[in-house]
Structures are given as C-alpha cells and as structure tokens.
Amino acid sequence: MAMRFDGKVAIVTGAGGGLGREHALALAARGAKVVVNDLGGARDGSGASASAAEAVVAEIVAAGGEAIANAASVTDFEAVKAMVAEATAKWGSVDILVNNAGVLRDKSFAKMEIADFQFVMDVHVMGAVNCTKAVWDGMRERNYGRIVMTTSSSGLYGNFGQANYAAAKMALVGFMQTLSIEGAKNNIRVNSLAPTAHTRMTEDLGAALPLEALGPELVTPGLLYLVSENAPTRCILGAGAGGFERAYVTLTQGVRIVGDDAPEQVEAQFEAISDRAGEIVPEMGAAQGMIELTKAQKAHA
Ligand code: NAD
C-alpha cells in the first residue's frame with residue numbers, strides 16, 4: 001500500500017534546499033501539510049533570507065500541495081514556538097517534526113575556535129531541542145508524534161576536521177534514545193537519519209560517483225519511513241545513493257575484574273572485554289548496570 005501522509009502536518013527545518021527540500025516536497029506530494037522552515041543563511045550559518053523557504057513552498061503549491069514558509073532560526077526558541085503555534089492554528093496539530101537544519105564550521109580541533117564549536121552545537125543540538133520541545137506537549141496530548149533527528153556518520157564514527165559537528169550529531173542520538181523511551185506511551189516515535197548526499201554542505205568533497213548518484217532525493221524514502229504511521233522507534237538509519245543501513249549502539253558482555261591488580265587485569269583482559277560474542281543492543285541505559293550486576297551476582301553465588 002502506498003505510504004501516505006494525508007491529514008498529517010509536518011515541520012521540516014532547514015528545508016530551503018538540499019535534503020530538507022526533498023523531504024518537504026515528498027511529504028507534501030504524499031498528502032502532508034508542510035511547514036517549510038529555513039533561515040536562508042550561508043553554509044556556515046551567516047546571513048538570513050526567507051526566499052529559500054518561500055521558493056520551496058511555491059514548488060509544493062504549484063504541484064497541488066499545501067505548505068507555508070517559515071524563516072525562523074531553529075536556535076530562537078520564541079520564534080520556533082511561534083512557528084508551531086502558527087501551524088497548529090492553521091492546521092490543528094503538528095504530527096511530524098524533521099529536525100534537519102544544519103551548518104558546518106569545519107577545522108581541525110587544534111585550529112577550531114570555541115565560538116565555532118559553540119555555534120555548531122547550538123544550531124544542531126539546541127535547534128533540534130527547541131523544535132522538539134515546542135511540539136512535544138501537543139504530540140503527548142494527541143497521542144501521536146513522529147520525530148527525526150538528522151545525525152551523521154561523522155558523529156557516529158568520526159571525521160577529521162569535524163569535532164564540533166561530530167559532537168553535535170552524536171548528541172542528537174543520545175537525545176533520540178531518551179525521547180523514544182519517554183515518548184513511547186504516547187505513541188511518539190523518535191528516530192535518527194544519517195544521510196549521505198550531494199548538497200551544498202558536501203559540495204567540496206570529491207565524489208567518486210557522478211553527482212546524480214548521490215542525489216538527496218535518494219535519502220528521502222528512508223526519512224518517509226521514519227515518520228510514517230508504521231515507523232520504528234529508536235532507529236539510526238543510514239541512507240545515501242540508494243543504500244540503506246542501520247547503525248546500533250551496542251554493548252559487549254565483558255568480564256568481571258576486582259582486586260588490587262584490577263588495572264593490570266583490565267589491560268590483560270582487554271581482548272575478552274572487547275569480545276563481541278553475545279553483544280547486545282541495550283533497550284535503555286540501565287542495561288549496562290544489569291549486565292554488571294549479573295556478573296557480580298555470579299561471582300558471589
Ligand atoms: P544544506 O546546507 O543544503 O541544508 C541545511 C539547511 O539548513 C540550509 O538550507 C540552511 O539554510 C538551513 N539552516 C541552517 N541554519 C539554520 C537555522 N539556524 N535555522 C533554520 N534553518 C537553518 O545541507 P544538507 O546536506 O541538505 O543538510 C541537511 C542536514 O543533513 C544537516 O543537518 C546536515 O548536517 C545533515 N547531513 C548531511 C549530509 C550530507 O551528505 N549532505 C551528511 C550527514 C548529515
């Protein structure tokens with residue numbers, strides 16, 4: 001059956017171009033009413049203009065869809081609350097939030113100014129927090145919500161020159177882990193998308209493939225699933241060039257070591273600690289403590 005979003009209201013941040021634009025166009029084409037948010041600044045976050053969001057709204061309306069433009073910075077909580085209030089007043093609810101807005105200030109950590117670290121954290125982390133906070137109560141009241149954090153392979157696995165961006169992107173995964181637990185009883189599902197695409201954000205990176213092979217529209221099917229009726233929750237989905245993968249934060253079974261020579265034993269048994277046989281994907285943070293207590297109980301039995 002076709003995946004449809006009729007009757008659903010979606011906010012896509014940073015949707016004036018790149019991945020966000022594709023997400024907004026696809027959601028609207030499948031029936032959602034869409035708030036196209038974009039500050040309209042440069043890649044490093046400088047400047048602002050409503051025209052990027054307005055152009056995407058014009059595309060959606062020309063294709064027969066419904067959308068409104070919003071030029072709030074996701075870093076401005078008051079402006080974000082006003083955006084959510086406007087969408088709710090116009091369409092009755094916000095059912096889907098795609099936290100996609102982002103900036104880059106790449107430099108090796110040695111050369112990176114604290115201000116560049118702070119700014120990138122602010123846009124990615126606090127931007128997503130502001131938008132999520134602004135829709136959270138409404139989603140809880142209506143027992144329906146679909147939220148996506150846009151993470152990155154740079155956060156999940158690291159990338160030279162992106163200490164600020166990587167820290168921010170992994171922070172969003174932690175944010176997702178807890179929100180998916182807290183939102184479960186109200187049917188709020190929270191996921192993370194790790195895209196790979198040719199956009200202005202990645203235009204400097206040499207691509208081994210023709211650029212069309214890395215089109216942002218190839219990522220959007222993964223996003224649509226993550227915000228659909230049958231969405232999973234707590235999933236980290238990789239998507240790019242038509243490939244889809246899933247990333248996990250796992251925990252090994254480990255070993256129990258106590259005693260005066262414990263430091264030496266941690267070193268000596270590091271291979272056993274690292275052994276991935278029996279590795280689990282914990283359902284919540286407490287699972288680590290449970291594994292540790294189980295080992296301790298066995299030792300005392
Ligand atoms: P992009 O630069 O085309 O899109 C980002 C958009 O966010 C821009 O339109 C920009 O104006 C907007 N934006 C920036 N700051 C904002 C703010 N404060 N408030 C509102 N809007 C703001 O780049 P993209 O590649 O489409 O990136 C989209 C998301 O995907 C980002 O979160 C990015 O970090 C992430 N991502 C992209 C890739 C990739 O390969 N392109 C890889 C991993 C993660």
Side-chain angles (χ1 to χ4, degrees), residues 11-26 35-57 69-80 82-83 97-106 118-131 134 148-159 162 164-173 175 192-207 209 211 213-220 222-223 226 236-241 243 245 247:
I11 294 178
V12 185
T13 69
L19 287 156
R21 172 178 164 275
E22 294 297 340
H23 300 337
L25 292 175
V35 178
V36 178
N37 160 271
D38 206 297
L39 174 69
R43 191 173 70 159
D44 69 356
S46 58
S49 149
S51 59
E54 283 163 3
V56 175
V57 168
N70 178 280
S73 171
V74 292
T75 57
D76 180 345
F77 187 43
E78 293 307 315
V80 164
M83 168 175 73
L97 169 65
V98 182
N99 287 307
N100 168 81
V103 291
L104 286 183
R105 296 230 172 142
D106 291 1
Q118 193 92 52
F119 182 74
V120 168
M121 292 292 286
D122 202 31
V123 173
H124 291 275
V125 184
M126 290 317 297
V129 170
N130 289 338
C131 295
V148 165
M149 311 294 166
T150 306
T151 184
S152 167
S153 57
S154 298
L156 295 168
Y157 311 113
N159 195 23
Q162 294 198 312
N164 49 3
Y165 183 76
K169 289 307 202 185
M170 201 55 180
L172 291 173
V173 175
F175 187 40
S192 299
L193 178 71
T196 310
H198 175 71
T199 64
R200 77 172 185 174
M201 191 172 268
T202 51
E203 66 197 355
D204 309 339
L205 306 176
L209 284 168
L211 294 180
L214 279 167
E217 72 283 357
L218 296 171
V219 170
T220 296
L223 178 277
L226 295 182
I236 307 168
L237 185 71
E245 310 80 29

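Note that this is a predicted model, so its numbers are computed, not measured. Counting starts at 1 for both ligands and their atoms, following the listed order.
- Every residue meeting the side-chain contact (heavy atoms from CB on, under 4.5 Å) condition with Ser192, not counting sequence neighbours, appears here in chain and number order: Met149, Thr151, Val173, Met176, Ile236.
- Of the N or O atoms in Asp38, one or more lie within a sub-3.5 Å distance of an N or O in ligand 1.
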**Request:** Applying side chain to side chain contact (heavy atoms under 4.5 Å, CB included), run through Asn130 and Val74 and close with a yes or a no.
**Result:** CA-CA 7 Å; Asn130 289 338; Val74 292; 5.8 Å; no

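- The shortest contact between atom 4 (O) of ligand 1 and any protein heavy atom is with Gly14 O, 4.3 Å.
- Contact of the Leu172 side chain with the Asn99 side chain is not registered, since no non-hydrogen atoms from C-beta on lie closer than 4.5 Å.
- Of all atoms in ligand 1, listed by their number and element, those nearer than 4.0 Å to a heavy atom of Thr196 are 40 (O).
- Gln162 approaches Ser154 most closely through the heavy-atom pair OE1-OG, 2.6 Å.
- With a 4.5 Å cut-off on side-chain heavy atoms, Phe175 and Val125 do not count as touching.
- Contact annotation: Ala197 has at least one heavy atom less than 4.0 Å from an atom of ligand 1.
- The side-chain heavy atoms of Asn164 and Gln118, taken from C-beta on, include no pair separated by under 4.5 Å.
- By the 4.0 Å heavy-atom criterion, Ala52 is excluded from the residues contacting ligand 1.
- Not a single heavy atom of Arg21 sits less than 4.0 Å from an atom of ligand 1.
- When all heavy atoms of Ala15 and Ala24 are compared, the closest pair comes out as CB-CB, 4.1 Å.
- Between His124 and Ala101, the shortest heavy-atom distance links the atoms ND1-O, 3.9 Å.
- Here's the thing with Leu39: one of its N/O atoms is less than 3.5 angstrom from an N/O atom of ligand 1.
- For Gly127, the closest heavy-atom approach to ligand 1 does not fall below 4.0 Å.
- The single protein non-hydrogen atom nearest to atom 42 (C) of ligand 1 is Pro195 O, 2.9 Å, given as residue, atom name and distance.
- Taking the side chain as every heavy atom from C-beta outward, Leu193 and His23 approach each other to under 4.5 Å.
- For the pair Asp44/Val103, no side-chain contact is recorded, criterion being any heavy-atom separation below 4.5 Å from C-beta on.
- From Asp76, atom CG reaches atom CG of Asp122 across 10.5 Å, with rounding to the nearest 0.5 Å.
- Here His198 has no heavy atoms under 4.0 Å from ligand 1, in either its backbone or its side chain.
- Heavy-atom separations between Leu214 and ligand 1 are all 4.0 Å or longer.
- Only side-chain heavy atoms of Val103 come within less than 4.0 Å of ligand 1; its backbone N, CA, C and O stay farther off.
- Counting the atoms of ligand 1 from 1 in the order shown, those under 4.0 Å from a heavy atom of Ser152 are 43 (C), 44 (C).
- Using a 4.0 Å cut-off to heavy atoms of Thr202, the atoms of ligand 1 that qualify are 39 (C), 40 (O), 41 (N).
- Counting protein heavy atoms only, atom 26 (O) of ligand 1 is closest to Leu19 N, 2.8 Å.
- In terms of polar-atom proximity, defined here as any N/O pair under 3.5 Å, Gly16 makes no such contact with ligand 1.
- Counting heavy atoms closer than 4.0 Å to ligand 1, residue Thr199 contributes side-chain atoms (C-beta onward) but none from N, CA, C or O.
- To the nearest 0.5 angstrom, Tyr165 atom OH is 9.5 Å from Asn159 atom CG.
- Remark: minimum distance from atom 19 (N) of ligand 1 to any protein heavy atom is reached at Val74 N, 3.0 Å.
- A distance of 7.0 Å separates OG1 of Thr13 from CE of Met83, quoted to the nearest 0.5 Å.
- Assignment of Pro216 to the shell around ligand 1 is not supported, since no heavy atom sits closer than 4.0 Å.
- Counting only heavy atoms from C-beta outward, the side chains of Glu22 and Leu19 never approach each other to under 4.5 Å.
- The shortest distance between side-chain heavy atoms of Leu237 and Glu245 does not fall below 4.5 Å.
- Ranking protein heavy atoms by distance to atom 27 (O) of ligand 1, first place goes to Met201 SD, 3.9 Å.
- Note: an N/O pair closer than 3.5 Å links Ser73 and ligand 1 by distance alone.
- With sequence neighbours left out, the side-chain hydrogen bond (donor to acceptor under 3.5 Å, both in side chains) criterion links Thr196 to no other residue.
- When heavy-atom distances to ligand 1 are checked against a 4.0 Å cut-off, Asn37 comes that close only through its side chain, counted from C-beta outward.
- By the 4.0 Å heavy-atom criterion, Ala72 is counted among the residues contacting ligand 1.
- Shortest contact from atom 35 (C) of ligand 1 to any protein heavy atom: Thr150 CG2, 3.5 Å.
- Atom 22 (C) of ligand 1 has its closest protein heavy atom at Ala101 CB, 3.6 Å.
- Below 4.0 Å from some heavy atom of Gly18 lie the following atoms of ligand 1, by number and element: 3 (O), 26 (O).
- The shortest N or O to N or O distance between Lys169 and ligand 1 is under 3.5 Å.
- Within the structure, the closest approach of Asn100 to ligand 1 falls below 4.0 Å when heavy atoms are considered.
- Annotation: the span from Leu223 atom CG to Glu217 atom CD amounts to 13.5 Å, rounded to 0.5 Å.
- Arg43 contributes a side-chain N or O that, together with a main-chain N or O of Arg200, makes up a donor-acceptor pair within less than 3.5 Å.
- Compare Gln162, Arg200, Met126, Arg43 by their heavy atoms: the one nearest to atom 10 (C) of ligand 1 is in Arg200.
- Scanning all protein heavy atoms for the shortest distance to atom 14 (C) of ligand 1 gives Gly102 O, 3.4 Å.
- Near Tyr165, the atoms of ligand 1 lying under 4.0 angstrom from a non-hydrogen atom of the residue are 33 (C), 34 (O), 35 (C), 36 (N), 43 (C), 44 (C).
- Remark: ligand 1 atoms within the under-4.0 Å shell around heavy atoms of His124 are 32 (O), 34 (O).
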